[in-house]
There are 2 protein chains.
Amino acid sequence: MVERRSHAPTIIDVAEHAGVSRATASRALSGYGRTSAATVERVRRAADEIGYRPNELARAMRAGSTSTIGLVVIADFTNAFFDRATKSIVDAARKRGYQVLISNTDEDPDVERGAIETLLEKQVDGLIVFPSAIGHSEHLEAGNLGGRPLVLADRRLDDLGVTTVTTDDFTGTREAVRNAVGLGHARLGFLITAANIAGQTTARPPALISSVRDRADGFAAGAADAGIPPEDQVWHFSEDVPESSEAAVAEMLDLASPPTVIFTSNNDMALSVLKVAGSRGLAIGREVSLVTVDDSPWAAYMVPGITVVARPVEQLGELAVERLVAEIESPGQPVEDIQLPTELIPRASVADLRSPAAGR
Amino acid sequence: MVERRSHAPTIIDVAEHAGVSRATASRALSGYGRTSAATVERVRRAADEIGYRPNELARAMRAGSTSTIGLVVIADFTNAFFDRATKSIVDAARKRGYQVLISNTDEDPDVERGAIETLLEKQVDGLIVFPSAIGHSEHLEAGNLGGRPLVLADRRLDDLGVTTVTTDDFTGTREAVRNAVGLGHARLGFLITAANIAGQTTARPPALISSVRDRADGFAAGAADAGIPPEDQVWHFSEDVPESSEAAVAEMLDLASPPTVIFTSNNDMALSVLKVAGSRGLAIGREVSLVTVDDSPWAAYMVPGITVVARPVEQLGELAVERLVAEIESPGQPVEDIQLPTELIPRASVADLRSPAAGR
DNA sequence: GCCGTTTGCGAGATCGTTCTCGCAAACTTG
DNA sequence: CAAGTTTGCGAGAACGATCTCGCAAACGGC
């Protein structure tokens with residue numbers, strides 16, 4: 001039975017309907033202090049009858065906590081990273097009684113700043129941030145967060161001294177190189193996003209986002225492990241747009257002696273390899289080999305399957321929530337830098353150059 | 001300069017610091033009523049100096065609106081639907097000054113009910129719901145929403161009489177059939193999710209979620225258009241898990257005379273076709289043709305490219321936000337049932353059976 | 001039957017804002 | 001220069017919940 005007054009029923013309406021005071025109604029429903037069983041029953045029934053729904057805003061204001069965490073992500077589709085991370089965070093938060101206020105920065109630091117400001121004004125209990133850029137992170141410093149805890153995900157910001165959950169992309173990429181070299185590859189291409197130096201082909205990248213830097217360092221380490229000389233490492237930087245990375249792939253394949261395998265630092269670039277190689281009639285896993293970071297159902301089932309460095313994205317999301325909630329509910333947790341292990345999943349996109357039949 | 005008191009600075013602190021009253025400070029910062037320019041300046045500076053951040057909770061309580069919308073989605077990865085929809089909704093909401101509180105139901109009606117209850121308690125101004133199931137939708141009726149507007153996305157719930165934004169999957173699937181038949185296909189397989197009747201192979205599905213039903217009806221209509229008799233339509237229902245759909249694909253391909261083309265109602269099932277066909281050495285676009293609903297970067301760039309019915313998911317998200325915000329800001333909008341046009345993108349996964357060279 | 005303890009409940013303060021009033025000072029006008 | 005109008009500001013109520021107190025009634029023991 002819905003009341004016909006315009007405003008939603010409040011606890012005062014419940015109290016009136018049950019013939020008790022505001023305080024008693026609150027006690028009966030929230031179950032603190034002393035209330036007789038009969039009164040509890042009467043108040044509960046009254047609340048049901050008038051369709052009472054507690055106003056969480058008022059409760060939060062009194063209590064000083066909203067049971068809401070702010071999530072600031074970078075939505076990129078193709079890597080299936082955004083959705084896997086978001087879903088795992090939303091689910092993990094719900095399990096612990098928290099809701100998620102989500103913001104997307106699209107890698108724009110100004111948007112990130114504004115999003116965080118808004119989330120703080122909405123009094124989130126804590127923040128999980130996938131930082132959009134290195135440098136310019138004053139807005140993430142403890143002093144500007146109003147004392148609310150922060151967990152960084154996917155990318156480290158070393159000078160911040162805050163708990164961070166990432167994947168070990170260094171080791172992952174290094175292993176990927178080891179695997180390809182083991183299959184006989186000796187000339188390696190590496191395609192990597194770095195908007196600021198797109199077009200460059202040096203092997204020593206400047207300041208990069210930690211996740212990208214780890215992959216670059218892992219590639220370099222893997223090549224060094226195998227004794228691949230610099231002249232057999234073809235580095236290409238590109239912007240994070242298809243045109244740029246496709247041009248880079250084309251340039252690589254146009255070399256007098258092109259790399260036999262291309263490592264890409266994300267799925268977008270792997271798709272560019274697929275596209276450019278396809279348009280030239282070069283078969284993946286035969287004429288061109290491919291390894292990328294991040295698994296996806298498509299990478300697994302297409303023919304040939306794509307060899308990938310799989311990252312435990314769901315685990316990353318869950319851990320971020322776990323650490324954040326721990327800090328919210330009992331402040332003073334030690335700062336941790338958690339690196340989750342990746343897994344190399346070898347499929348058919350890396351040709352075995354050792355077998356005599358290979359290469360047709 | 002951060003104050004050393006434990007609580008975050010409030011407008012009272014600003015007022016004290018500026019030597020004015022609470023009311024004047026509020027006026028100066030919010031810019032209503034009359035305030036002298038000098039006072040505005042003084043208050044602004046005071047706010048800056050003590051690092052004042054308005055408490056949106058308090059403002060929302062007073063104002064009766066939170067500038068927050070609740071989003072209830074079904075997170076399924078492979079279709080790249082969740083992330084595209086979520087991103088477009090979050091971005092469109094931000095553009096209009098709204099934040100998004102997100103919940104994932106994983107298609108569980110009980111979770112959906114609880115999520116909506118929580119969102120309403122948090123006083124969202126409106127809801128966008130991707131409903132998880134037909135029937136059992138009392139919790140979505142206007143009376144149980146405390147007067148807050150609702151927009152349904154992706155799936156219709158006809159008895160609710162609420163504004164709904166969907167894609168025209170009926171026409172999309174019908175066109176896909178027309179396209180395949182035009183290329184010479186005369187025996188058609190259709191793979192569709194319907195947990196309740198998994199394993200069935202009848203052509204008349206029972207109560208289905210509207211999006212799935214539309215695709216089934218579109219397939220039936222397309223087959224009828226082309227005069228394909230029922231015995232040349234191979235319908236297969238499966239649960240929304242790989243094992244189930246893979247079994248269905250295997251069954252289809254094991255028929256004495258298997259369909260030459262398989263239509264799948266989502267990307268999960270298309271991947272199952274890829275997997276099962278791949279494991280049998282059947283080449284897509286040669287021995288087996290494939291069409292699916294929902295485009296993705298992978299579908300475009302793999303070899304062969306997958307023919308798809310592309311849905312304007314971003315537009316769907318934006319429109320849902322637009323309609324919802326319109327209703328929030330000026331109630332009494334007409335109820336609309338918006339169907340966005342889909343687009344058939346022909347690629348190489350459907351073999352041209354008319355060409356003599358086909359099939360080798 | 002008296003005094004001390006427990007029990008149940010209500011009055012009122014509080015969280016941080018916004019906004020309506022009313023009041024005094026500063027202007028305008030004839 | 002008196003009367004009316006505008007300007008700037010402060011006091012206090014309101015949003016809807018929680019929670020601390022204090023008070024009265026009921027209960028206990030001797």
Side-chain angles (χ1 to χ4, degrees), chain A residues 3 5-44 46-47 50-67 118 120-125 146-147, chain B residues 3 5-44 46-47 50-67 118 120-125 146-147:
Chain A
E3 295 273 297
R5 47 213 302 177
S6 64
H7 74 286
T10 72
I11 197 145
I12 300 187
D13 301 313
V14 175
E16 276 174 13
H17 199 77
V20 295
S21 75
R22 215 162 74 262
T24 302
S26 179
R27 256 192 309 255
L29 292 177
S30 303
Y32 66 97
R34 310 181 199 289
T35 329
S36 75
T39 306
V40 169
E41 181 50 29
R42 203 146 40 95
V43 171
R44 286 228 179 105
I50 67 176
Y52 170 69
R53 176 151 37 214
N55 183 328
E56 177 61 27
L57 241 49
R59 189 205 310 254
M61 197 160 121
R62 182 79 234 266
S65 99
T66 54
S67 299
T118 304
L120 290 173
E121 289 179 3
K122 290 206 189 259
Q123 309 297 117
V124 294
D125 290 342
Chain B
E3 294 273 297
R5 46 213 304 178
S6 64
H7 74 284
T10 72
I11 198 149
I12 299 187
D13 300 315
V14 175
E16 276 174 13
H17 198 78
V20 296
S21 74
R22 211 162 75 262
T24 301
S26 179
R27 256 191 310 254
L29 293 177
S30 303
Y32 67 97
R34 312 180 198 288
T35 328
S36 75
T39 307
V40 169
E41 181 50 30
R42 204 146 40 94
V43 171
R44 285 227 181 106
I50 67 175
Y52 170 68
R53 175 149 39 212
N55 183 329
E56 177 60 28
L57 241 50
R59 188 206 310 255
M61 197 160 123
R62 181 78 234 267
S65 97
T66 53
S67 298
T118 304
L120 291 173
E121 290 180 3
K122 290 206 188 265
Q123 308 298 116
V124 295
D125 291 342

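Lettering of chains follows the sequences in order, A, B, ..., and the numbering in each one begins at 1. Note that the structure is predicted; figures quoted are calculated from it, not measured.
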Query - Separation of D/dC19 P from A/Leu29 CG (nearest whole Å) - result: 13 Å

**Report entry** Short side-chain N/O contact from A/Arg62 to OP1 or OP2 of C/dT14, under 4.0 Å
**Finding:** no

Report task. Report the distance from atom CD of B/Glu56 to atom C1' of C/dG16, rounded to the nearest whole Å. Result -> 11 Å

Report task. Mark yes when over 12 heavy atoms from residues, nucleotides or ligands other than A/Arg53 sit less than 6.0 Å from its CZ; otherwise mark no. Result -> yes

Report summary line: note: A/Ile12, atom CD1; C/dG10, atom P; distance rounded to Å ~ 14 Å

Report summary line: Closest to the side chain of B/Arg22, out of C/dC19, D/dA17, C/dT17, is C/dT17

Query - Any A/Thr24 side-chain N or O less than 4.0 Å from OP1/OP2 of C/dC9 - result: no

Report summary line: Rounded to whole Å, the CZ-C1' distance (A/Arg34 to D/dC21) equals 13 Å

Query raised in the report: Are A/Ser36 and C/dC9 close enough that a side-chain N or O sits under 4.0 Å from OP1 or OP2?
Result: yes

Requested in this report: Using atom NE2 of A/His7 as one end and atom C1' of D/dA17 as the other, report the distance to the nearest whole Å.
Outcome: 13 Å

Report task. May I ask you to decide if A/Thr66's main-chain N or O and A/Asp125's side chain share a donor-acceptor pair within less than 3.5 Å? Result -> yes

Requested in this report: May I ask you to verify if any side-chain N or O of A/Ser26 is less than 4.0 angstrom from the OP1 or OP2 atom of D/dT18?
Outcome: yes

Requested in this report: Look at the side chain of A/Arg27 and the base of C/dG10, then say whether one donor and one acceptor between them are separated by less than 3.5 Å.
Outcome: yes

Query raised in the report: In whole angstrom, what separates B/Tyr32's OH from D/dG8's C1'?
Result: 13 Å

Query raised in the report: Does a nitrogen or oxygen in the side chain of B/Thr39 sit under 4.0 Å from OP1 or OP2 of D/dC9?
Result: yes

Query raised in the report: Roughly how many Å is it from CD1 in B/Ile11 to P in C/dC19, rounded to a whole number?
Result: 11 Å

Query raised in the report: OP1, OP2 of D/dA17 versus side-chain N and O of A/Tyr52: anything below 4.0 Å?
Result: yes

Query raised in the report: Is the shortest side-chain N/O distance from A/Ser21 to OP1 or OP2 of C/dA11 below 4.0 Å?
Result: no

Report summary line: Per atom distances to the A/Asn55 side chain, the nearest of C/dC19, D/dT18, D/dA17 is D/dA17

Requested in this report: Please answer whether the main-chain N or O of A/Arg22 pairs with a side-chain N or O of A/Ser26 as donor and acceptor at a distance below 3.5 Å.
Outcome: no

Report summary line: Hits for side-chain contact (heavy atoms from CB on, under 4.5 Å) against A/Arg42, two or more places apart or cross-chain, chain-then-number order -> A/Val20, A/Thr39

Report summary line: In whole angstroms, the gap separating P of D/dA14 from CE of A/Met61 amounts to 15 Å

Query - Among D/dA17, C/dG8, D/dG10, the one nearest B/Val20 by side-chain distance - result: D/dG10

Query raised in the report: Okay, side chain of A/Thr10, backbone of A/Ile12: is any donor-acceptor separation there less than 3.5 Å?
Result: yes

